[in-house]
There are 2 protein chains.
Amino acid sequence: MKRATIIDIAKALGVTPSTVSRALSGSVRVSVATRKKVEEKAEELGYQPNVMASSLRRGKSDTIGMLVPRVNRHFFSHVISAVEQILNPAGYNLLICQSYERLYNEKLALQALLKNRVAGIIMSHSMETGNFDHIKSITNENIPLIQFDRASATVAGPRIINDNFSGAYMAVKHLIKSGYKRIAHLTGALSVNVYSERYRGYRYALEEACLPLLEEYVLEEAITKETGFERTRQLLETTETDAIFCAGDFSAIGAIQAIQSLGMKVPDDIGVVGFANEPFAELLTPKLTTVEQNAYDVGNKAARALIKIIEKGSLITEEEIIPVRLLVRESSIKF
Amino acid sequence: MKRATIIDIAKALGVTPSTVSRALSGSVRVSVATRKKVEEKAEELGYQPNVMASSLRRGKSDTIGMLVPRVNRHFFSHVISAVEQILNPAGYNLLICQSYERLYNEKLALQALLKNRVAGIIMSHSMETGNFDHIKSITNENIPLIQFDRASATVAGPRIINDNFSGAYMAVKHLIKSGYKRIAHLTGALSVNVYSERYRGYRYALEEACLPLLEEYVLEEAITKETGFERTRQLLETTETDAIFCAGDFSAIGAIQAIQSLGMKVPDDIGVVGFANEPFAELLTPKLTTVEQNAYDVGNKAARALIKIIEKGSLITEEEIIPVRLLVRESSIKF
DNA sequence: CACAAAAATACAAACGTTTGCACAAAAAAC
DNA sequence: GTTTTTTGTGCAAACGTTTGTATTTTTGTG
């Protein structure tokens with residue numbers, strides 16, 4: 001009970017496989033009558049084209065590789081969803097891999113995508129990825145590559161990136177406007193473009209307001225709830241911080257809990273702003289002021305850029321900055 | 001500048017492609033010397049096997065299809081992650097599709113997976129899916145199929161399901177123990193196994209405690225924050241409800257907000273329990289009592305079951321129930 | 001050293017498509 | 001009624017592997 005092939009259809013109809021192939025692919029070089037017959041027979045036999053044979057013959061596949069640090073992160077899963085929403089109607093399928101934030105896995109995943117002869121790759125780097133030599137295997141093979149969110153200018157091809165700088169700048173400026181003056185910054189590894197850009201926005205806002213940039217106010221390795229909590233306690237015990245700009249909402253939760261654990265109040269004693277607008281942000285008490293990233297737009301743009309490259313050859317834009325939005329809520333407004 | 005094939009390696013070494021193939025696949029029928037030479041040459045040429053050619057020849061692929069309603073849902077994205085974590089080291093890749101809760105898309109996605117000759121499918125049905133005839137195209141082709149979470153006993157093959165009944169039973173029993181007596185239930189379409197089972201658990205707990213099952217206390221189509229809000233207001237205005245068991249955490253948020261909007265307090269006036277333990281549940285005020293599902297376990301078991309079927313032929317277990325845990329927090333404890 | 005057995009390699013077909021080219025039949029032009 | 005053009009099919013090769021069988025080479029035995 002094997003699966004039907006075009007050969008089966010051909011035999012049943014007394015024509016050749018080539019005719020069947022042409023009929024099914026909508027070629028003009030086949031009569032209306034045979035086309036109809038072929039289509040009916042295909043339906044009758046439950047024919048499903050074998051994409052492997054097709055891809056092998058055509059020398060390309062309709063599969064797109066997607067590589068993200070983790071699929072179960074709010075931002076990434078939404079980007080994936082958006083990408084899928086564009087790619088699927090266009091006839092592409094999505095092969096998804098995770099790096100789990102490890103460079104080793106990232107390399108492995110790229111190998112796997114290469115082996116699968118994907119028509120293109122949409123990826124966001126792991127936190128560990130500082131060197132981008134392993135990407136060369138992709139560009140060498142002439143596989144279109146789109147980077148998003150965590151991206152390096154070292155790598156050729158389009159980059160779809162959130163406006164981290166402006167987001168951070170707006171966030172800190174807002175804190176300053178609210179009357180906070182000694183603003184700390186919890187962030188991740190500054191080797192990652194995302195965090196370095198947010199840091200840059202933070203510095204810029206401080207400079208603009210003629211506030212001093214104090215080294216002890218900037219704490220790396222603080223992106224989880226736990227590390228956010230620890231760093232914040234440490235911060236409050238050794239400095240006179242009156243506000244914290246967190247490079248992520250998770251560390252913001254930790255910060256808020258640390259503040260409250262020391263008997264202080266958000267936003268009255270310490271103001272807090274996060275980044276990413278995780279679903280829980282507006283459900284916290286106090287509601288968390290944060291920077292909203294448009295994951296949908298990022299995925300959308302990335303998918304469209306890729307399709308353009310694949311179908312129309314190379315394209316122009318190198319870097320596309322997706323605007324972000326500051327959502328002012330309760331955690332940053334002194335009463 | 002084409003990609004290297006085994007033929008290139010063969011030519012460079014003066015052997016035949018078959019020898020190269022056997023050398024690379026670790027066959028015993030090849031000398032240590034040639035194997036080493038082949039491996040070196042492969043490395044030198046940057047050879048990557050063409051999985052399409054391989055799959056075509058072998059008549060099977062190492063790609064697993066995964067079909068979920070949406071990837072950007074906490075539960076599903078975690079299941080995907082768990083599945084990937086098992087499947088990847090085992091040499092499989094994941095082709096991911098979404099149904100967006102629509103039957104039409106579910107059918108389309110299954111077609112796509114069939115065309116890609118996936119080695120197996122792991123899926124969870126859309127909300128609309130009441131009839132499972134379209135699954136026959138899968139089982140007819142003898143493709144191993146694992147259902148998880150939203151699953152039907154009509155379909156042959158393993159089902160990995162959360163213990164929705166017990167979860168609901170524990171939740172409602174807990175509410176009763178806390179002193180609540182007029183317990184309402186917000187739920188989704190009862191045609192979906194997940195919701196019908198939770199409803200069954202709810203009824204069972206009430207019966208056990210000799211509490212009446214009132215029709216007006218059970219409200220369908222209440223799974224989002226918005227519908228949860230509306231249904232709850234309606235409920236509180238027309239009945240004497242003193243607790244609500246929500247079949248999801250999102251409707252629980254809506255319920256809490258509705259309760260508070262009417263000037264009542266959770267848990268003092270009305271107790272609330274959710275389902276799923278979304279990340280925000282413990283961050284709400286009051287912290288939401290809810291039922292924790294083990295997405296990791298579900299994905300893990302599903303992936304392992306699939307591998308077992310693929311590699312060792314059919315297997316025994318038809319339905320595997322993954323235990324859930326009641327997380328008692330603040331929203332359900334009268335002071 | 002001859003001969004059998006074992007080991008290593010070669011040969012060739014197959015997987016299911018696609019596609020350039022050839023060819024026949026029908027239609028159009030003269 | 002012949003020639004040219006158009007239209008519809010067929011033929012066969014190719015895509016890069018894998019694998020059963022045949023063949024060669026090596027090793028071992030008497």
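Naming convention: chains lettered A, B, ... in sequence-line order (proteins, then strands); numbering from 1 in each chain. Computed from heavy atoms alone, side chains included, the values below leave out hydrogens, waters and symmetry copies.
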### Query
Can you check the B:R3 CZ to D:dC15 C1' distance for me, whole Å?
13 Å
### Task
For DNA chain C, find the residues of residues 45-52 of chain B with a heavy-atom distance under 4.0 Å and give them by number; none if there aren't any.
none
### Query
Quick one: are B:Y92 and B:I310 in side-chain contact, heavy atoms under 4.5 Å?
yes
### Summary
Only one of A:V79, A:I86, A:I80 passes side chain to side chain contact (heavy atoms under 4.5 Å, CB included) with A:V83, and that residue is A:V79
### Query
Does a sphere of radius 6.0 Å around CD in B:E311 hold more than 12 heavy atoms from other residues, nucleotides or ligands, not counting ones at 6.0 Å or beyond?
yes
### Query
Looking only at N and O atoms, is any donor in the side chain of B:S55 or the base of C:dC15 less than 3.5 Å from an acceptor on the other one?
no
### Query
Is there side-chain contact between B:M123 and B:E106, with at least one heavy-atom pair below 4.5 Å?
yes
### Task
Could you check which of D:dT9, D:dC11, C:dT17 has an atom nearest any side-chain atom of A:A53?
C:dT17
### Query
In whole angstrom, what separates A:D8's CG from C:dC15's P?
11 Å
### Task
With the side chain of A:S21 defined as its heavy atoms from C-beta on, choose the nearest nucleotide among D:dG16, C:dA10, C:dT19.
C:dT19
### Task
Give the rounded distance in Å between these two atoms: CG of B:L56 and P of D:dT17.
12 Å
### Message
Under a 3.5 Å cutoff, is there a donor and acceptor pairing between the side chains of B:T16 and B:T19?
### Response
yes
### Query
Nearest nucleotide by nearest heavy atom, which residue falls closer to the 5' end of DNA chain C, B:V15 or B:R58?
B:V15
### Query
Given C:dA10, is OP1 or OP2 found less than 4.0 Å from the side-chain N or O atoms of B:T16?
yes
### Query
With no hydrogens and no angle check, is any side-chain donor or acceptor of A:Q98 less than 3.5 Å from a backbone partner on A:V71?
yes
### Query
Taking atom P of C:dG16 as reference, at what distance in whole Å does atom NZ of A:K11 sit?
11 Å
## Note on the structure
Rounded to whole Å, CG of B:L13 lies from C1' of C:dA8 at a distance of 15 Å
Protein N or O to nucleotides 23-27 of chain D N or O, pairs below 3.5 Å:
none

### Query
Does CZ in A:R102 sit with more than 12 non-hydrogen atoms of other residues, nucleotides or ligands closer than 6.0 Å?
no
### Query
How do B:T5 and A:S31 order along DNA chain D: which one's closest nucleotide is nearer the 5' end?
A:S31
### Task
Give a yes or no on whether a salt bridge exists between A:K36 and A:E39, defined as a side-chain N under 4.0 angstrom from a carboxylate O.
no
### Query
Looking across every strand, which nucleic acid part, if any, lies under 4.0 Å from A:T34 by heavy atom: base, sugar-phosphate, or nothing?
sugar-phosphate
### Query
How about B:D149 and B:N162: does a side-chain donor come under 3.5 Å of a side-chain acceptor?
yes
### Query
Any idea which of D:dA12, D:dT9, C:dT9 is nearest the A:S18 side chain?
D:dA12
#### Entry: Nearest-neighbour nucleotide for the B:I7 side chain, D:dT9, D:dT17, C:dT17 considered
D:dT17
### Task
Just do the salt bridge (Lys or Arg N to Asp or Glu O under 4.0 Å) check on A:R73 and A:E101 with the steps written out, would you?
CA-CA 12 Å; A:R73 284 279 185 67; A:E101 304 288 8; 3.6 Å; yes
### Query
For DNA chain D, what is the dot-bracket line, given that a base pair needs Watson-Crick (N1 to N3, plus N6-O4 or O6-N4) or G-U wobble (N1-O2 and O6-N3) geometry with both distances under 3.5 Å, and | means paired with another strand?
||||||||||||||||||||||||||||||
### Query
Does the side chain of A:R3 come within less than 4.5 Å of B:L114's, by heavy atoms?
yes
### Message
How long is the straight-line distance from CG of B:N72 back to NE2 of A:H78, given to the nearest 0.5 Å?
### Response
4.0 Å
### Query
Of the nucleotides C:dT17, D:dT17, C:dA10, which one has an atom closest to the side chain of B:R22?
C:dA10
#### Entry: Euclidean distance, atom CG of residue A:N116 to atom C1' of D:dT17 [Å, nearest integer]
14 Å
